[in-house]
Amino acid sequence: MPHYWLMKAEPAEASIDDVLAMPDATVGWTGVRNYQARNFMRDSMQVGDGVLFYHSSCAQPGVVGIARVASGIKVDPTQFDPASPYFDAASKPEAPRWLLVDVQVVHKTRNLTLPELRADAALADLLILKKGNRLSITPVEPAHWQHIVSVLGHPGV
DNA sequence: GCCAACGTTGGC
DNA sequence: GCCAACGTTGGC
């Protein structure tokens, strides 16, 4: 039974177009620095899980594509790079603190915007819409996933 | 730039 | 372990 996820990306940093331009349309999901989000990747994600690719911190936040989890869990190399904004001096190579998975874009969609998501009664319980939610990775209920890919006119992963 | 909400840190 | 201070997120 696959799981489904919503993963936030800042388009100024890694937009869906940026990822599409990469080999195999696949990107290592660097920069997760929240334990709960990390634990979702480490403990619950499986290769092939469905991912809603979401643009945040931008003019038109929303779901902009369908993606899939494309690797198992790996060490996030940016934590050891002093030049990276994600550098973590407290993390040691013998005990890496931060992890990532590869994410492969399957289909770029139109932007299903945040106001549209909020206006959809079927998505009232979508975690991203809950007040105060800031997690960059959240699980998505199968019914929510089916609804969103249907609204986007896509068969899913 | 503002601000609400939440996570992390660190003194005690 | 408590909790105030601080930093970050992210929409507006």
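Letters A, B, ... are given to chains in the order of the sequence lines, protein chains preceding strands, and every chain is numbered from 1. Everything numeric in this text was worked out from a predicted model, so none of it was measured.
- In this structure, the CG atom of A:L127 is 16 Å from the C1' atom of C:dG10, given to the nearest Å.
- Counting to the nearest Å, the C1' atom of C:dG10 and the CG atom of A:N34 are 14 Å from each other.
- Inter-residue side-chain proximity for A:N133 and A:T138 is flagged as met; some heavy-atom pair is nearer than 4.5 Å.
- Of the charged side-chain nitrogens involved, none lies within less than 4.0 Å of a carboxylate oxygen, so that A:D76 and A:R97 do not count as a salt-bridged pair.
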Dump the pairs, protein N or O against N or O of nucleotides 5-9 of chain C, anything under 3.5 Å, distances to one decimal.
from	atom 1	to	atom 2	distance (Å)
C:dT8	O2	A:R134	NH1	2.5
C:dT9	O3'	A:R134	O	3.4

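- Taking 4.5 Å as the limit, some side-chain heavy atom of A:W5 sits within range of a side-chain heavy atom of A:F40.
- Residues passing the side-chain hydrogen bond (donor to acceptor under 3.5 Å, both in side chains) test with A:S91 are A:Q79, sequence neighbours excluded.
- Between A:M22 and A:V105 there is no side-chain heavy-atom pair separated by less than 4.5 Å.
- Rounded to a whole Å, the CG atom of A:N133 is 9 Å from the P atom of C:dG10.
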